[in-house]
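Take a look at the structure set out below.
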Amino acid sequence: MPTLASNRGNSFVRACLWPAVFALISGIGCQGIHARLKKPATACHCAAITPCSDPESAAQALESTLRADADAAVLVPLAERCLQAGCQPCAGLERVRDAAVYSGFALATGGDSALESRAVAVHNAAVERLIRASQCRCPTTSWPSVFLDLGIEVWGNHPLEPERLCDIHMACDYDVKGFHCHFRSDGVGVPLVPLRPNDTKCPIVTMDRFYPGQDQHRPPATAVLQPSGTPADWRSHRQRLALYDPYACGQVCFGERRYPLASDRTTPLAVQVRHSNVIRVGLQGVFRPEVLVEQAGIYMLQPYRPGKIPIVFVHGLAGHPSSFVQTINKLQNDCELSPHYQLWFYLYPTGEPMTSSAARLKRALRDAIETLDPAGADPALRNMVVVAHSQGGVVAKLLIQCSGDEMWNALFAVPIEELKASPEVKDHLAEELFYEPEPYVGRMIFMAAPHGGTKLALKILPRLAELRIRKHEVLTQEIKGIVRDNGRSVLAPGVLLRRINGVANMAPNNPMLAAARRAPLADDIPYHNIMFRLPDKRRPTDGMVLLPNAYIEGAVTEVIVPGDHRSEDKPEAYAELLKLLRLHLAESRCGGSRCR
């Protein structure tokens, strides 16, 4: 990172600029979300079962008279005695397995509500104990092999392939705080928070390209043991421990009977945020954008589901997809909207020039569509809703603009044809500086976007950018080469190379921002504007952007919500977002202009 020329400059950064940056970043991303791993409860799962002095003998006695058509009145007490026997000191896992199997048969046969409740309790307690034991295995042994030794095969559909999962914790092991709502439901099964290691650069399956990389992907799962055979001959059959995605499955079958699936759909998201290094990624995005370039792109937390409309979230300066964590949590669990929408996220280095971030977003969305739907059979992918906050709004707006020569003329004084540059450089410049509306965008929603800039960028942030942002961005290097080969006269008046970055682009007098404001927006793509206002300020502002600078002409709707600039995840903003998503869904159903 470049150093300052004097100690006075360093003091200025330490005393004034860094505190300003941390004030800006604090509260962005994790929004006070905490997920702390608690010490697992040590209480015996048998506490609620009628005590028995010799549960092993009692279990053997019940098994000796067991018939293939045994009902719940016999199976539930047997399962309870097996669980008690498995909880004895020095007991193996076999009796715990037996408890899970017999309780599963009890659920398949049915019974009164009291028996069913007891069967569910034994099943869940036994499965939890088995999974905990599998995580205490020898390091050279895979956790599914622990179940195989017990005659149980672990099964799960993508993204819950057992061989891809590790470091599995019970959802109840976490102490989660900070969410407006915690979505969980009682039923059959044990909610889990597994780790699914992933390398986005060397994907094993196609979807791995879009899941969080490294040790960050924590897909929700619920474990259920579903028995095979009959109560009398099940030992000659392999049993199955199934891992269900609670977003794809709400019920589980035992025989011909269906039961609600237990789930915890908030805790995995909280753990995901905890491992996302929100502050570090935000700082790197501003001051070392070249480091974040490799991670930039479209991300998803759930598999691509054909027929669902993507909502693409674009964060703001020094932000991260976790800036929308409350909205993500609510939308994923909205019974009305979640069947029709899927959530995508754009991560990008916010220190890069706005046109570079927009071009990267354009490439990432095109690539996602081509990868996930190469035949073009899913019309939902051509009807996306883009939700963009702060700087992200200025970046995403270029997806629905007809820029003409506006962006080019903001940087250069001569046409592209007259430049002395390689064809590769010209092609890259054209990609970053010429825009037409993207055909897959169906609606755009801006939140606190500084379309007219923010005066804060005239005070602290540009100076900070000049001192600290590393100058390795491709566009800046290409322009330097063009100046070297063509002379400085090819640049438009007032263009300063050190100001070509994402922070300086937010200044009201920045030529690129002014050009973006002049460029017309597509007249067939509806866009909406949500602005925030601090109620105790004399001037209309959200603390960072004056309301006149957040205004955009031609918006279908424009609302002002009480709050500061970082209110994109607050309940009031979410309520407005819900209205617009319902509107988009209604217009899509009735064959509006966005149904392509």
Side-chain angles (χ1 to χ4, degrees), residues 28-29 31 210 212 276 278 281-282 285-286 289 292-293 295-301 309-328 331 341-369 381 383-401 432 435 437-438 440-451 454 502-503 505-506 513 516 521 525-532 544-545 550 552 555 565-569 573-574 576-577 580-581 584:
I28 291 181
Q31 299 285 356
F210 303 103
S276 295
V278 174
V281 171
V286 176
L292 199 59
V293 162
Q295 302 177 42
I298 295 295
Y299 287 92
M300 309 173 196
L301 298 181
I309 300 170
I311 305 174
V312 183
F313 291 92
V314 185
H315 61 78
L317 180 66
H320 185 276
S322 295
S323 302
F324 298 96
V325 66
Q326 301 282 3
T327 298
I328 296 167
L331 275 180
Y341 287 107
Q342 55 188 315
L343 310 186
W344 295 9
F345 314 94
Y346 177 50
L347 173 67
Y348 67 104
T350 56
E352 282 194 329
M354 54 184 279
T355 54
S356 298
S357 297
R360 193 184 306 280
L361 173 58
K362 178 173 63 177
R363 289 194 301 269
L365 288 174
R366 289 178 177 179
D367 176 66
I369 294 172
L381 293 189
N383 193 24
M384 296 183 184
V385 178
V386 180
V387 179
H389 172 250
S390 189
Q391 182 194 54
V394 177
V395 168
K397 184 172 65 172
L398 287 168
L399 296 182
I400 61 172
Q401 288 189 283
E432 294 210 3
Y435 290 87
E438 294 295 299
Y440 47 78
V441 179
R443 191 176 302 268
M444 183 80 67
I445 300 173
F446 301 110
M447 289 187 173
H451 301 290
T454 170
V503 180
N505 284 158
M506 297 301 103
L513 184 69
L521 281 74
I525 300 179
Y527 52 95
H528 309 262
N529 199 17
I530 299 175
M531 300 179 288
F532 305 121
M544 291 192 68
V545 180
I552 181 170
H565 189 71
R566 297 192 296 269
S567 297
E568 74 274 20
D569 217 21
Y574 180 72
E576 293 298 327
L577 178 61
L580 299 177
L581 293 177
H584 186 74

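Note that the numbering runs from 1 along the sequence shown for the chain. We use all heavy atoms of the structure for the numbers below, so side chains are in, but hydrogens, waters and symmetry mates are not. Only a predicted model underlies this, so the values are computations on that prediction, with no experimental measurement involved.
Side-chain contact between His451 and Asn529: present, with at least one pair of heavy atoms (C-beta onward) separated by less than 4.5 Å. Two residues are said to be in side-chain contact when any heavy atoms from C-beta on lie closer than 4.5 Å; Leu381 and Pro310 meet this criterion. Side-chain contact check for Val394 versus Asn505: every heavy-atom pair is 4.5 Å or farther apart. Side-chain contact check for Val386 versus Val314: some heavy-atom pair is nearer than 4.5 Å. Using a 4.5 Å heavy-atom threshold, the side chains of Pro212 and Leu301 count as touching. Two residues are said to be in side-chain contact when any heavy atoms from C-beta on lie closer than 4.5 Å; Ser323 and Glu568 meet this criterion. Ile369 has its side chain within reach of Met384: a pair of non-hydrogen atoms, C-beta onward, lies under 4.5 Å apart. Ser276 is listed as a side-chain neighbour of His320, based on a closest heavy-atom distance under 4.5 Å.
With hydrogens and angles disregarded, no donor-acceptor distance shorter than 3.5 Å links the side chain of Tyr527 to the backbone of Ile400. Side chain of Tyr346 to backbone of Leu361: a donor-acceptor contact under 3.5 angstrom is found. Remark: side-chain polar atoms of Asn383 are not paired, donor with acceptor, to backbone N or O of Val441 under 3.5 angstrom. Using modelled atom types, one side-chain atom of Tyr341 and one backbone atom of Leu581 make a donor-acceptor pair closer than 3.5 Å. Remark: side-chain polar atoms of Ser357 are not paired, donor with acceptor, to backbone N or O of Met354 under 3.5 angstrom. Using modelled atom types, no side-chain atom of Glu352 and backbone atom of Pro289 make a donor-acceptor pair closer than 3.5 Å.
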(Q) Pair Glu438, Lys362 - check side-chain contact (heavy atoms from CB on, under 4.5 Å), show working. (A) CA-CA 8 Å; Glu438 294 295 299; Lys362 178 173 63 177; 3.2 Å; yes

(Q) Between Leu577 and Met447, does the side-chain contact (heavy atoms from CB on, under 4.5 Å) criterion hold? Intermediate values first, please. (A) CA-CA 10 Å; Leu577 178 61; Met447 289 187 173; 4.3 Å; yes

Q: Please step through side-chain contact (heavy atoms from CB on, under 4.5 Å) for the pair His584 and Ile309, ending with a clear verdict.
A: CA-CA 10 Å; His584 186 74; Ile309 300 170; 4.1 Å; yes

**Q.** Residue pair Val395, Thr350: steps toward the side-chain contact (heavy atoms from CB on, under 4.5 Å) verdict
**A.** CA-CA 10 Å; Val395 168; Thr350 56; over 6 Å; no

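Ring geometry, Phe313 versus Phe324: the interplanar angle falls from 30° to 60°, so the pair is classed tilted. Ring geometry for Tyr348 versus His315: interplanar angle under 30°, hence parallel rather than tilted (30 to 60°).
Atoms OG and CE, from Ser567 and Met531 in turn, are 13.5 Å apart once rounded to the nearest 0.5 Å. To the nearest 0.5 Å, the span separating CD1 on Ile298 from CG on Leu347 amounts to 9.5 Å. Here CD1 of Ile525 is found 10.5 Å from CZ of Arg443. Values are rounded to the nearest 0.5 Å. Rounded to the nearest 0.5 angstrom, Leu521 CG and Gln401 CD are separated by 4.5 Å. Going from atom CD of Gln326 over to atom CG of Leu331 covers 11.5 Å, rounded to the nearest 0.5 Å.
Checking Ser390 against His565 by side-chain atom types alone, a donor-acceptor pair falls below 3.5 Å.
In plain terms, the two heavy atoms of Gln391 and Pro450 that are nearest each other are N-CD, 4.0 Å. Of all non-hydrogen atoms in Gly393 and Phe446, the two that sit nearest each other are O-CE2, 3.4 Å. A pairwise comparison of heavy atoms in Ala573 and Ile530 identifies O-CD1, 4.5 Å as the closest pair. For the pair Pro321 and Ile328, the tightest heavy-atom approach, listed with the atom from each and the gap, is O-CD1, 3.9 Å.
Checked against the 6.0 Å centroid threshold, Phe345 and Tyr299 do not count as a close aromatic pair.
By the side chain to side chain donor-acceptor pair (under 3.5 Å) test, Thr327 is found to be paired with Asp569, residues two or more places apart in sequence or in another chain being considered.
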